[in-house]
There are 2 protein chains.
Amino acid sequence: MVRAASIKDVANQAGVAVGTVSNVLNYPDRVSSTTRDRVLAAIAELGFVRNDAARQLRAGRSRTMGMIVLDAGNPFFSSVARAAEEAAARAGSAVLLGNSSHDPRRERHYIELFEEQRMQGILISPTGDVSARLAAAEAAGLKIVLVDAPSDGQRFSSVAVDNAAGGYVAVRHLLDAGRRRIAFVGGNATLRQVQDRLAGARRAVAEVPGATLEVLTAADLTVLGGRGVGDDLRRRTPGTAPDALFCANDLLALGVIQSLAMLGGLRIPEDIALIGYDDIDFAASAVVPLSSIRQPAELIGRTAVELLLEQTADEPPAPRSVVFTPELVARASTGH
Amino acid sequence: MVRAASIKDVANQAGVAVGTVSNVLNYPDRVSSTTRDRVLAAIAELGFVRNDAARQLRAGRSRTMGMIVLDAGNPFFSSVARAAEEAAARAGSAVLLGNSSHDPRRERHYIELFEEQRMQGILISPTGDVSARLAAAEAAGLKIVLVDAPSDGQRFSSVAVDNAAGGYVAVRHLLDAGRRRIAFVGGNATLRQVQDRLAGARRAVAEVPGATLEVLTAADLTVLGGRGVGDDLRRRTPGTAPDALFCANDLLALGVIQSLAMLGGLRIPEDIALIGYDDIDFAASAVVPLSSIRQPAELIGRTAVELLLEQTADEPPAPRSVVFTPELVARASTGH
DNA sequence: TCGACACAATGAAACGATTCAACTCGAGAG
DNA sequence: CTCTCGAGTTGAATCGTTTCATTGTGTCGA
């Protein structure tokens, strides 16, 4: 096969004009059934597949949307992505996924890729402050929806979960269990979600006299990063370690559990209580079942697609921000 | 903004011909530095972004490749995908991800999407027998690499892990621990990987007189599916349950652990030993640290991209099949 | 002074689909 | 028999880029 069949080849084969073939593909009712059958037969015979680049060039825009997630390996994001794909498929659209891995360079790379491809829009969980870059993409006609991030001054639609509330609930839960020397385990400090969870945590601690909040930094927001923090804690002199840990996500918390519970030293929850964030499927099956803050991942993904499709209308409404409320799930790691 | 800036607008702005702008973008050395600077200034001023659809239309093919995975929520696949993305980025290419979720319809949808987009190629973990569909895509010029699946008669390049060997090693390990009433927990029976792991398991059982192999079916290859199997086992009359379980993947095994160890009844590994497959990060931090069969996910992803790039050469070599060997990781769930 | 040569820059053609004004052809009305 | 109408079909123009043969310009050697 030297060259893929084009619409022109189909037209020749069927003995009709190219415009007619195009009509068969896009407006079947405009074509008489005999002609239509002849064209469809030619298409089947030649194995013709429409060239989306050409269609897009003429149409000015693609029908697919791009999604950029912070960590495709995090079950929370894969749930969000999956729900988004399904919602898009139902609407006759498609989602293609890029994984920034918290790396602004890779994120930028995907934004540019999507912009070059003139995608319908971008669903993005930003690594940090990319609003300038996104504004440029929007100026080029892409619709932007921020996912799991608050709207940037109503410029873009967004779907988020109230991270400050989540952080507050998590630490409040630890305080209610009688813990006072709380530590927050975060990673990349520039990440908005993490900042907000920390802010909520601070607010909860401030309400209880005598309670303190220490901030620990993990290498990254992964199981491995959490294991590192756990290793550090085990090396502390007894009594100086916190009596409760609030981890910025479940992966971190699972890493801490791996380090503490398996390699010995501190016991969970007796010596140190632990709560994570996201309530991923693995949280319930950890060595010590992990308390967590549940976020409605599917709902987030679905809503993100809806917000984007809303913006693709001829007269798009003003950008909207949807905020969900997270929910405490108490398990053994905090004494339940 | 009515319309995104085109190369023609840039040419006007800079006072040069469109061909020159194109040269600045693609062959900067062909252009004098003064002209180049002028063009670059115009590009910056207009916020010009190359329209990839037009470029592709002219070039005949995209520079990005599509990847279709069976389950983006499975950490094994997300590791593979991530490694592939990185390898592609290093080669100046990009990977966009689609998630078939074991659904042949969604898989087909993505294949067609990639074909319409005239992607460079497709990296795919097929759900079942899609070789006819893939052959059509190949005839249209896409390069195909089968990922985590054996080659289909050398027609396509492929990168796989010897699943039969993995299944054999897993069950051999259970037998060596003195277990005799083995059960295999699989899901979708049409999945080649699962079939092969079962075949390896059968071979190991056949070598030991008195050993038996029962096959249990999970609703799907997820944590939830495993939990269902665990619930069934707990309801069996004592003594009729198997004394060892080989799960087709770690998600299943973790689900079984959730059901058995947490809700009580059978103890792991005393009453029932357990081994999974993939050795995902969460395996080590389970309630009972999970023995597993490790697959080199990063290596698989990287190799897949290499095989694809190999095929994009002007004179592509014959398709190659790379097969890796899995490795036993023994932990507490089998008595270590 | 002229020709040869390299280097820059030009601009028309091509890629494959969609769009749309124009055309054809019967059927039905007058 | 002519006119109108509308359904069906046609094919040229268009989208934004790349390619490449052609033209223009300046330098150098003879």
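The shown structure was predicted, so the numbers you read here are calculated from the model rather than taken from an experiment.
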Looking at [options], which one has an atom nearest to any side-chain atom of [X]?
X	options	result
A:Asn23	D:dG8, D:dT10, D:dT17	D:dT10
B:Ser6	D:dG16, C:dA9, D:dG11	D:dG16
B:Val31	C:dT10, C:dA9, D:dG11	C:dA9
A:Leu57	C:dG16, D:dT17, D:dG8	C:dG16
B:Leu25	D:dA13, D:dT18, D:dG16	D:dT18

With sugar-phosphate meaning primed atoms plus P, OP1 and OP2, does [X] contact a base, only sugar-phosphate, or nothing at under 4.0 Å between heavy atoms?
X	result
B:Thr20	base
A:Asn26	sugar-phosphate
A:Ser22	base
A:Val16	sugar-phosphate

To the nearest Å, give me how far apart [atom1] ([X]) and [atom2] ([N]) are.
X	N	atom1	atom2	value
A:Arg61	C:dA17	CZ	C1'	17 Å
A:Asp29	D:dG6	CG	P	18 Å
A:Arg63	C:dA17	CZ	P	13 Å
B:Leu46	D:dG16	CG	C1'	15 Å
A:Arg50	C:dC15	CZ	P	20 Å
A:Ile7	D:dT10	CD1	P	13 Å
B:Gln117	C:dA17	CD	P	14 Å
A:Asn51	D:dC15	CG	C1'	13 Å

Of A:Asp52 and B:Thr34, the one whose closest DNA chain C nucleotide lies more 5':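 Nearest-nucleotide comparison on DNA chain C picks B:Thr34.
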Polar contact flag, side-chain donor to acceptor under 3.5 angstrom, B:Thr127-B:Ser100: no
Cut-off 3.5 Å, side chains only: do B:Asp103 and B:Ser101 have a donor facing an acceptor? no
Pair A:Glu86 + A:Arg82: basic N to acidic O under 4.0 Å: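 Yes, charged N to carboxylate O under 4.0 Å.
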Is the shortest side-chain N to carboxylate O distance from A:Glu298 to A:Arg302 below 4.0 Å?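 No.
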Quick check: any donor-acceptor pair below 3.5 Å linking the side-chain of A:Arg58 to the base of D:dT14?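 Donor-acceptor pair under 3.5 Å: yes.
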OP1 or OP2 of [N] sitting under 4.0 Å from any side-chain N/O of [X]?
X	N	answer
A:Tyr27	C:dT18	no
A:Thr35	D:dT9	yes
B:Arg55	C:dC15	no

Apply salt bridge (charged side-chain N to carboxylate O under 4.0 Å, His left out) to B:Glu85 and list each qualifying residue two or more places apart in sequence or on a separate chain.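 By the salt bridge (charged side-chain N to carboxylate O under 4.0 Å, His left out) rule, B:Glu85 matches A:Arg106.
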Inter-residue atom distance A:Leu146.CG - A:Ile122.CD1, 0.5 Å rounding: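 One gets 10.5 Å once the value is rounded to the nearest 0.5 Å.
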